[in-house]
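Labels below follow one simple rule: chain letters A, B, ... track the order of the sequence lines, proteins then strands, and each chain is numbered from 1. Just so you know, these numbers use all the heavy atoms, side chains as well, and skip hydrogens, waters and symmetry mates.
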Amino acid sequence: MARPNEEVEALLQEYADLISITGGDAFKARAYEKAARAVGGYHEDVSRLDPKALREIPHVGRSIADKVEEYLRTGHVAAVDELRARIPAGVREMTAIPGLGPRRAMMLFRERGISSVEELVEAVTAGRLRDLRGFGEKTEENILHGVAVMRQAGGRVLLNVAMDLAEEVVAELSAVTGCARCAYAGSLRRYRETIGDIDVLSAADDPGPLMDAFVNLSYVDEVIARGDKKTSVRTTKGLQVDLRVVPMGAWGAALQYFTGSKAHNIRLREMAVRAGLKLSEYGLFDVETGDLVVSETEEEVYERLGLPWIPPPLREDRGEVEAALRGELPDLIEEGDLRGDLHTHTDLTDGVSSLDEMVAAAARLGHSYYAVTDHAPNLFMQRMSDDKMLAQREAVRALDGRHHRMRLLHGTELNIDPDGGVDWPPEFLDGFDLCVASVHSHFNQGSAEMTRRLVRACENPHVTIIGHPTGRLLGRRPAVDVDLDELFRACARTGTALEINSFPDRLDLSDENILRARRHGVRFAVDSDAHSVVHLPHLRFGVGTARRGWLTADEVINTWPLRRLRSFLRKGR
DNA sequence: GCCGTTTTCGGCCCGACTGTTTTCAGTCG
């Protein structure tokens with residue numbers, strides 16, 4: 001299941017929310033928020049820490065350490081339960097609506113008895129909020145729009161959440177006696193950006209022990225269906241997991257079938273029919289004789305249909321079958337191709353790990369170079385200054401090459417202002433090895449303005465990477481309104497790379513936009529945007545997204561040797 | 001509730017935007 005750190009993070013964050021909603025001390029709420037983030041990003045498993053070690057986590061003092069200890073020991077925290085009892089869970093859920101915070105959520109509950117997102121939508125529609133102080137026509141509109149954005153996620157979970165769970169299920173089932181193979185399939189294997197339910201496939205002669213082990217996993221809350229071939233459960237977090245058990249001989253056909261996508265499989269079945277064959281999860285069969293042709297490996301199935309094996313991220317019926325037939329499948333980038341990370345933060349701004357910790361952790365991942373790119377001063381809340389940045393640069397230079405000979409680059413994440421300008425004057429920017437530039441404000445500009453703004457940023461000779469180019473947050477904020485083709489043209493023309501931000505709630509650019517951008521000859525950078533050491537491995541999700549966008553290693557600048565990368569970063573200056 | 005080149009209480013990220021209001025509260029990054 002989730003790391004204990006994440007569970008504790010969620011608990012502390014919930015307590016912070018409850019304090020805000022009930023009108024408690026704002027600084028106290030903030031203290032819990034800070035502690036939540038620090039625990040979530042802490043490099044050690046909190047469930048293994050004694051009280052003294054717990055208090056060494058930044059922003060965790062006696063009171064919070066006690067609560068964490070209480071939670072780990074009993075699964076509950078009395079103080080949290082007490083507040084939960086006073087506020088319906090739906091009120092807290094309402095604060096997830098963009099633009100609706102704790103104060104007004106509480107007001108809606110007090111004044112109108114509204115205690116769920118559904119009731120809120122009803123009340124808006126019925127005009128019951130009209131005479132409430134602070135609620136006008138525009139607010140109603142924003143609430144409905146916010147709910148729509150939230151619902152677009154449609155009960156799906158982020159890739160990392162699904163991946164953590166799936167890998168744990170696979171690990172536990174693999175250890176069951178008689179389990180010959182076990183793997184996750186479905187949209188997760190294809191690295192879709194959100195996951196509706198998790199498909200796990202096992203091969204065994206006797207499904208019994210596997211099904212038993214499956215329904216008895218500690219995080220299973222409910223068994224939805226139980227059979228010999230398929231069992232479905234719902235976890236305590238509400239995620240559905242399906243386990244299918246097949247005989248070892250059908251492994252390849254089953255893996256192919258359950259990986260999907262549906263559209264891709266339909267294409268394959270059509271090809272089979274034309275060849276006098278029938279494809280199902282049990283194998284590829286001869287229609288006339290009914291004889292099994294192949295089923296043991298995916299490679300055999302594809303080969304018998306006249307195709308090379310197609311990597312799962314391509315299986316969306318977006319031209320991969322045609323490309324395969326022509327022998328023109330791209331040689332997709334792999335995680336091992338990445339030589340470094342070009343967008344990361346430290347606790348100098350909003351990260352929770354120190355420079356030393358981040359650099360050491362990055363070196364352990366095997367990077368040959370690594371860029372530190374903390375926030376620039378126009379993101380005022382980060383309180384960046386010239387002096388702080390220069391002091392960090394010295395610290396970075398001193399660490400350069402000290403961990404596994406990993407080379408360090410000193411950069412920054414600039415803020416693209418509404419006109420397309422950035423934080424510092426050119427003389428100061430000259431001192432950086434690279435500048436990522438991102439939109440952090442004025443997300444609502446019209447398309448013409450936003451396009452001009454981003455194009456101008458590309459034209460800045462110091463800006464080498466556009467960070468999270470559309471600014472979307474999955475389930476929380478839509479992409480900015482920008483003429484993407486215009487932006488992509490500008491990137492190609494100016495030698496500015498587009499980021500593929502690997503953070504699971506961003507994955508920005510998205511696979512579809514990558515496909516579109518690469519047609520313009522754009523270069524990309526797959527970055528973690530890590531704010532903690534635990535975020536550094538998120539790169540796998542960025543690489544998965546890049547693969548869905550058909551990218552080869554050569555199109556991604558951080559697969560390049562440092563020499564070639566540096567030349568690109570100079571941008572002809 | 002945490003933190004301290006402040007040892008014990010005062011400060012804690014701060015500026016901008018939005019929608020509502022008529023002087024500002026709430027929300028966001």
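- Aromatic ring centroids of A/Y71 and A/H76 lie 6.0 Å or more apart.
- On the C1' atoms, B/dC2 is 13 Å away from B/dT8, given to the nearest whole Å.
- For A/H145 and B/dT18, the NE2 to P distance is 15 Å, given to the nearest whole Å.
- Protein atom CD of A/Q445 is 11 Å distant from nucleotide atom P of B/dC17, rounded to whole Å.
- Note: A/F503 and A/H538 have perpendicular aromatic rings, judged against thresholds of 30 and 60 degrees for the angle between ring planes.
- As rounded to whole Å, 15 Å separates atom C1' of B/dT20 from atom CG of A/D131.
- Nucleic acid contact class of A/D25 (heavy atoms, under 4.0 Å, all strands): base.
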**OP:** Would you give a per-nucleotide map of nucleotides 22-29 of chain B, 5' to 3', where B means the base has a protein non-hydrogen atom under 4.0 Å away, S means only the sugar-phosphate does, and - means neither?
**Re:** ----SSSB
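- Taking atom C1' on both B/dT22 and B/dG29, the two are 28 Å apart, rounded to the nearest angstrom.
- Regarding A/R55, its CZ atom lies at a distance of 13 Å from the P atom of B/dG1, rounded to whole Å.
- Remark: the separation of the C1' atoms in B/dT7 and B/dG11 is 15 Å, to the nearest Å.
- B/dC3 atom P lies 16 Å from atom NZ of A/K28, rounded to whole Å.
- Note: A/H468 and A/H440 meet the aromatic proximity criterion, with ring centroids under 6.0 Å apart.
- For A/I64, the side-chain atoms get nearest to B/dC2 when compared with the rest of B/dC2, B/dT20, B/dA16.
- Nearest nucleotide to the A/H442 side chain, out of B/dG19, B/dC17, B/dG1: B/dC17.
- Ring centroid separation for the pair A/H535 and A/H345 does not come in under the 6.0 Å cut-off.
- Defined by atom type and a distance below 3.5 Å, a donor-acceptor pair is missing between the side-chain atoms of A/H367 and A/D341.
- Straight-line distance from the CG atom of A/N415 to the C1' atom of B/dA16: 13 Å, rounded to whole Å.
- Going from the P atom of B/dT18 to that of B/dT23 covers 22 Å, rounded to whole Å.
- Comparing the C1' positions of B/dT20 and B/dC14 gives an interatomic distance of 22 Å, to the nearest angstrom.
- Within the cation-pi definition used here (under 6.0 Å to the ring centroid, within 45° of the axis), A/R407 does not qualify as a partner of A/Y370.
- Minimum atom distance to the side chain of A/K138 is reached by B/dT20, of the listed B/dT20, B/dC12, B/dA16.
- Geometric assessment of A/R393 against the ring of A/F432 yields a positive cation-pi assignment under the 6.0 Å and 45° thresholds.
- In this structure, B/dG15 forms a base pair with B/dC28, meeting either the Watson-Crick or the G-U wobble geometry with both donor-acceptor distances under 3.5 Å.
- Taking atom P on both nucleotides, B/dT27 is separated from B/dT21 by 15 Å, rounded to a whole Å.
- Remark: A/H59 is not in phosphate contact with B/dG1, judged by side-chain N or O atoms under 4.0 Å from OP1 or OP2.
- Side-chain nitrogen and oxygen atoms of A/N444 include none within less than 4.0 Å of the OP1 or OP2 phosphate oxygen of B/dC17.
- For the P atoms, the distance linking B/dG10 with B/dC17 amounts to 35 Å, nearest Å.
- Note: CE (A/M384) to P (B/dG15) measures 16 Å, nearest angstrom.
- When the P atom of B/dG19 is taken as reference, atom CE of A/M107 falls 17 Å away, rounded to whole Å.
- Legend: residues meeting salt bridge (Lys or Arg N to Asp or Glu O under 4.0 Å) with A/R37, ordered by chain and number and at least two apart, are absent.
- Nearest-nucleotide mapping onto DNA chain B: of A/N142 and A/A31, the residue sitting toward the 5' end is A/A31.
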